[in-house]
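All remarks here apply to the structure that follows.
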Amino acid sequence: MAKSEECFDVVVVGAGGAGLAAAIEARGAGRSVVLLEKNPQPGGSTAWSIGSVTSSGTPHQRRRGIADSPADHWADMPGFAGDLDGRDNAALRRVLCDEMPATFQWLLDSGVRFMGPMPEPPHRQPRMHNVLPNSRSFIYHLTRRAKRAGVDIRTGVRVNAIVQESGRVTGVDAEGEGGPVRYRARGGVVLAAGDFTNGAAFKARFMGPQEAKVEGVNVTATGDGQRMAEALGARIVNGDLALGPEIRFIAPATETLVRRLPPWRWLAVFMEWAIDHVPPMILRPLMMRFLTTALAPSTALFDAGAVLVNRHGERFGDERDRPAWRLPDQPDKLGYIVIDAALAQRFSAWPDYVSTAPGVAYAYVPDYRRNRPDVFAEAPTLDALAARLGMDTAALARSAREGGVRPLGEGPFVALGPVRSVFVHSEGGLMVDGEHRVLGADEQPLPGLYAAGSTGQGGLLLKGHGHHLAWAFVSGRRAGRFAARDAARG
């Protein structure tokens, strides 16, 4: 079937945070821009995130009298990488830290609001800012800004291949409701299609066959940008590094209150004021609705003696020895964390918490009892707990006797779950230069091809909360500007 063609100055692939930033900046430079998204609406992994952004030199820091700088931020980041620091891209780390203060202000100018900053060692200064009221605020405000600027946003369009002619990238081939379309780019193509946390082939290749069984939090993060660029000779770096596998509670069947809050600017401004002025005893119940969504249970539960069983009530290995790697082999890939009365009491108060969102709050057993009845079961005996969860009574009793650190004690007993094993994000991005141009097999830029966000991470290590989103916005803005520059040069 013959392809129809459309021509723009800049073509952006992926409408998450990085793609929206690239499209806005390219359009702001006076270029015509089309933004292509395979999903029904913009969002990407940005919409699934907790919503932390880490930056120095913010108005929030200045209001608290915090003296901070991009140079100090750059110097502190290796503390998160640890032994992996030698694999970091120090030049791109400099770009991130130097550009983030202006990008933070750009987000504020777009209507996004934050609380913070929050401390997160080894940062020497509080730099982590949490978005209000939720991470969808990024997508809501940036989509509105893109539309106001005149960006042509096309959803439900899957990009299948990059078009290269006479050694230069000149567009992409895509498929939408109307059939195949070739989108030509006079200036450049920006790949901002996310990571490959749900790309089984990439995970098997870089991490191993067991990791390939683990799903990503964002099920549509399949490494489309990396796959298409590799066909042109591009190279993926740090593909073996990822946050995960880790155990997380399943998401609520219906969204929590905070996730349902509309990302209106006036609401975010009110929440920002409330966090500083409303007494904690009033504010905490609201924060718990956010915290008890789909976060990771603390590994301290297993260190203290909690037992991890599958849906039949059977233990499947040492709870302290990488249980997230074994969970995908269990029935339905699901598990339950079982604790006795003593552990339930212990994990009802500081310093023993069930889960946390850094800089926000801590959630305890009573919080899950109140806010997540779908992942909380309690019974006076193990037999009653097994009956409630549909488990084999003998298998659960045997698991309790075997125990983890110790056998489980007296009831009532609590089961937290189902839990599943997931990848949150991967570090495997295309190698790029300081202008976010994708490098080919000869380590030279592929003319006309740029990459941003996780797709164009370039070996940059982004451990620590708030760095992935910061890179998405910084690299997206820059890639969009450079692609627009190419269009202006003709």
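Reckoned from all heavy atoms, side chains included, excluding hydrogens, waters and symmetry mates. Values in this document were obtained by computation on a predicted structure and should not be read as measured data.
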So do [Y] and [X] actually touch side chain to side chain, heavy atoms under 4.5 Å?
X	Y	answer
Leu191	Leu430	yes
Asp152	Val33	no
Leu334	Val419	no
Val157	Glu175	no
Phe423	Val217	no
Arg437	Leu446	no
Trp48	Thr46	no

Measure from the side-chain N and O atoms of [X] to the backbone N and O of [Y], and report whether any donor-acceptor pair falls under 3.5 Å.
X	Y	result
Ser454	Gly194	no
Asp9	Ser32	yes
Asn160	Ala174	no
Lys333	Lys213	yes
Gln457	Gly459	no
Thr54	His465	yes
Gln61	Gly57	yes
Asp240	Phe206	no
Asn238	Leu241	no
His129	Arg127	yes

Can you see whether [X] engages [Y] through a side-chain donor-acceptor pair at a distance of less than 3.5 angstrom?
X	Y	value
Glu37	Asn39	yes
Thr103	Arg477	yes
Glu211	Trp325	yes

Verify side chain to side chain donor-acceptor pair (under 3.5 Å) between Asn198 and Thr222, making sure each step is shown before the conclusion. CA-CA 5 Å; Asn198 217 46; Thr222 51; over 6 Å; no
Check the pair Tyr362 / Ser355 against side chain to side chain donor-acceptor pair (under 3.5 Å), numbers first and verdict last. CA-CA 6 Å; Tyr362 299 91; Ser355 57; over 6 Å; no
Please walk me through it: do Asp85 and Leu461 pass side-chain contact (heavy atoms from CB on, under 4.5 Å)? CA-CA 8 Å; Asp85 182 47; Leu461 296 183; 5.9 Å; no
Please determine whether side chain to side chain donor-acceptor pair (under 3.5 Å) holds for the pair Tyr183 and Asp173, giving the CA-CA distance in whole Å, both sets of side-chain angles, and the decisive distance to 0.1 Å. CA-CA 6 Å; Tyr183 293 93; Asp173 285 337; over 6 Å; no
Which class fits the ring pair Tyr368 and Phe249: parallel under 30°, tilted 30 to 60°, perpendicular over 60°?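 Geometry flag for Phe249 against Tyr368: tilted rings.
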When you look at Trp471 and His425, which way does the ring-ring contact (aromatic ring centres under 6.0 Å, His included) test go after all the steps? CA-CA 13 Å; Trp471 178 247; His425 52 69; over 10 Å; no
Please report the C-alpha distance between Thr170 and Glu165 in whole Å, then the side-chain angles of each, then the deciding distance to 0.1 Å, and finally whether the side chain to side chain donor-acceptor pair (under 3.5 Å) criterion is met. CA-CA 7 Å; Thr170 58; Glu165 298 169 314; 2.7 Å; yes
Are Glu99 and Arg478 close enough, and set up right, to give a salt bridge (charged side-chain N to carboxylate O under 4.0 Å, His left out), and what steps lead you there? CA-CA 9 Å; Glu99 295 285 338; Arg478 285 167 55 86; 3.5 Å; yes
Start with the C-alpha distance between His73 and His467, add both sets of side-chain angles, then the distance that settles ring-ring contact (aromatic ring centres under 6.0 Å, His included), and finish with yes or no. CA-CA 11 Å; His73 187 184; His467 287 135; 5.3 Å; yes
